[in-house]
Amino acid sequence: MGNVLIEKIKEIGIAYKQDVLLSEYTTFRVGGKCPLAVFPESAEDCAAVVKLLKEMKIPYFVLGKGSNILAADRGYSGVLILTERMRKLSCNQEKIQCGAGVSLSKFCSFALENSLSGAEFAWGIPGSIGGAIYMNAGAYGGEISDIIHSCTFLNEQGEICTVQAEKLELSYRHSVFTGSRSVILEAEFLLHTSDMAAIKAQMDDYITRRMSKQPLDKPSAGSTFKRPQGAYAAALIEESGLKGCSVGGARVSEKHSGFIINDGQATAEDIAKLIQKVQKTVKKETGYSLACEVIPLGFLPEEIEG
C-alpha cells in the first residue's frame, strides 16, 4: 500500500500492520498476503477508516474471527479491516451491549457471569458477534435472530445507524447485511434472567455434543454448505459417497461430512476444488444443489462457484 494511505491511517490514529498473512486470520489456516490490515477500536474509528478508503477508491474487506472465510492463495490486494479490538461489552439488567469484534465464546461467558440465558446455543461457535449477525448464526435450534434487540452499523453512505431487530431481515444464514458494503459495529441483545447453574449445564451439554460430532481438532470453517430445503447437507454428501474424499490437503471430514477440513497441508485452491467436486457430485447423485456457506476472499467467481 502507498505511503499516502499509511500516513493518513496514522493521522486517524488507528493501529495497522503491513503484509499480513490471511492464513493467520482465518480458521481454515489458508490464504496469501494482504498488504495492509487496520484495527479500529470503536465505531468512530471504523467510520473514519472506511470513509478514507472510499475516498481513495481502495477496496476493503471486514473480518472478525475469519471462521467462515476461504481466503485465496494469491491473497487479497485491498485493505483488511479487522474488528478484533472492537470489544465493547456491558450489561444493563437483561440487555447486553456488545462490540462487533467480541467473540461468541466471550459473549456467552459474559452472559453466564450475569445469569442471563438465551445465548447458550452460540457456545462453541468460533466466530465474532459481527460475523454471527451477518449470517444469523445458529445451532441446536437457536439463532442470533432469537436474541438480538438492535444493531448499530455503518451504512453504504458512511452513516452510523441503529435499527431494531425486525429491520435486519434475519432468516436462515442471511441478514440485511448479506452481500452489502455495510459494516456491523455493535449490537444489543435481550436475554432473560435464569439460574447460573442451569445455564452452565446447557452450555456444557452443547460443547460436549460439538466435540463428539464435529472435527474440532482440524482447521475448518465449520459447516461448509447451507442446509438445502427438505434435506441435510451432511447426509447428502455421505449418500453421494464423498465421506473422506480429498483434494490435496483438503478432505471431507469422516467425523462430520458437512465439514471440509484442512489436513495440515491444504491450499485454498485444494479446498475450492473440493467444494466444487462435492457440489457437482451431490447434484448428480441426489438432484440437490448445495449452496456454499463459506465466503470467498480474493477469489475470482469461477474459481469458487460450483
Side-chain angles (χ1 to χ4, degrees), residues 9 12-17 20-29 31 34 36-53 60-69 71 76 78-92 95-114 116 119 122-138 144 147-155 158 160-163 165 168 170 175-178 180-189 191 221-222 295 297:
I9 292 292
I12 295 172
I14 297 175
Y16 70 91
K17 289 182 182 178
V20 299
L21 279 173
L22 293 170
S23 58
E24 296 179 0
Y25 292 96
T26 57
T27 57
F28 254 137
R29 296 291 177 255
C34 177
L36 181 68
V38 296
F39 302 82
E41 296 184 14
S42 67
E44 292 72 25
D45 282 352
C46 205
V49 75
V50 168
K51 182 174 184 289
L52 171 63
L53 295 173
Y60 60 89
F61 190 89
V62 182
L63 191 67
K65 293 295 181 182
S67 61
N68 202 38
I69 303 294
Y76 175 63
V79 173
L80 203 62
I81 299 176
L82 288 152
T83 64
E84 61 183 46
R85 299 189 185 187
M86 296 172 66
R87 297 192 292 259
K88 175 182 178 180
L89 191 60
S90 62
C91 181
N92 181 12
K95 288 181 179 177
I96 292 179
Q97 293 78 37
C98 194
V102 174
S103 69
L104 287 171
S105 60
K106 178 64 177 175
F107 171 66
C108 291
S109 294
F110 185 74
L112 173 63
E113 290 165 10
N114 287 276
L116 293 176
W123 182 239
I125 298 177
S128 67
I129 286 293
I133 296 169
Y134 182 92
M135 66 176 295
N136 189 23
I144 288 295
I147 58 174
I148 190 167
H149 181 258
S150 64
C151 181
T152 300
F153 63 97
L154 190 68
N155 69 15
I160 296 177
C161 309
T162 299
V163 299
L168 296 177
L170 296 166
S175 73
V176 70
F177 304 111
T178 305
S180 79
R181 300 299 293 162
S182 297
V183 180
I184 298 166
L185 301 170
E186 55 190 59
E188 186 174 71
F189 296 89
L191 305 180
I295 299 169
L297 172 59

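Since the structure is predicted, the reported quantities are computational estimates derived from the model, not experimental observations.
Between L89 atom CG and K106 atom NZ the span is 6.5 Å, to the nearest 0.5 Å. Distance CG/L191 to CD1/I148: 11.0 Å, rounded to 0.5 Å. With values rounded to the nearest 0.5 angstrom, L63 atom CG is found 10.5 Å from N68 atom CG. In this structure, the separation between CD1 on I14 and SG on C46 is 7.5 Å, given to the nearest 0.5 Å. Taking CG of L185 as the reference point, atom CG of D45 lies at 10.5 Å (rounded to 0.5 Å). In this structure, E41 CD and K88 NZ are separated by 14.5 Å, a value rounded to the nearest 0.5 Å.
Side chain of S175 to main chain of Y134: a donor-acceptor pair is present (N/O by atom type, distance under 3.5 Å, no hydrogens or angles). In this structure a side-chain-to-backbone donor-acceptor pair under 3.5 Å is missing from N136 to A132. When atom types are taken as modelled, the side chain of N92 and the backbone of K95 share no donor-acceptor pair closer than 3.5 angstrom. The main-chain N or O of M86 is never found under 3.5 Å from a side-chain atom of T83 such that the two would form a donor-acceptor pair. With hydrogens and angles ignored, the 3.5 Å screen pairs a side-chain donor or acceptor of Y76 with a backbone N or O of Y60. For T26 (side chain) and I69 (main-chain N/O), no donor-acceptor pair under 3.5 Å exists by modelled atom type.
Within the 4.5 Å cutoff, the side chain of I96 has no heavy atoms near those of the S90 side chain. Two residues are said to be in side-chain contact when any heavy atoms from C-beta on lie closer than 4.5 Å; F61 and V79 fail this criterion. Residues C151 and T162 have side chains not in contact (no heavy-atom distance under 4.5 Å, counting atoms from C-beta outward). Looking only at side-chain heavy atoms (C-beta outward), K65 and S103 come within less than 4.5 Å of each other. Using a 4.5 Å heavy-atom threshold, the side chains of L168 and F177 count as touching. Contact of the L170 side chain with the V176 side chain is not registered, since no non-hydrogen atoms from C-beta on lie closer than 4.5 Å. Side-chain contact between L36 and Y16 is present, with at least one heavy-atom pair separated by less than 4.5 Å.
Residue G64 comes nearest to S128 through the heavy atom pair CA-OG, 3.7 Å, listed as atom of the first residue, atom of the second, then distance. The two residues G127 and S67 have their closest heavy-atom pair at CA-OG, 3.4 Å. For A15 against R85, the heavy-atom pair with the smallest separation is CB-NH1, 3.2 Å. A pairwise comparison of heavy atoms in I184 and G130 identifies CD1-O, 3.3 Å as the closest pair. Counting all heavy atoms, side chain and backbone alike, L104 lies closest to A122 at CB-O, 4.1 Å.
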**Residues S182, L154; criterion side chain to side chain contact (heavy atoms under 4.5 Å, CB included); working and verdict** = CA-CA 5 Å; S182 297; L154 190 68; over 6 Å; no

**Request:** Verify side chain to side chain contact (heavy atoms under 4.5 Å, CB included) between F153 and V163, making sure each step is shown before the conclusion.
**Result:** CA-CA 9 Å; F153 63 97; V163 299; 3.8 Å; yes

**Steps toward side chain to side chain contact (heavy atoms under 4.5 Å, CB included) verdict (F189, L116)** = CA-CA 11 Å; F189 296 89; L116 293 176; over 6 Å; no

**Item:** Steps toward side chain to side chain contact (heavy atoms under 4.5 Å, CB included) verdict (I125, W123)
**Value:** CA-CA 6 Å; I125 298 177; W123 182 239; over 6 Å; no

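Residues T152 and E186 have side chains that never bring a donor and an acceptor to within less than 3.5 angstrom of each other.
Between F39 and the choices V49, L82, L80, the side chain to side chain contact (heavy atoms under 4.5 Å, CB included) rule is met once, by L82.
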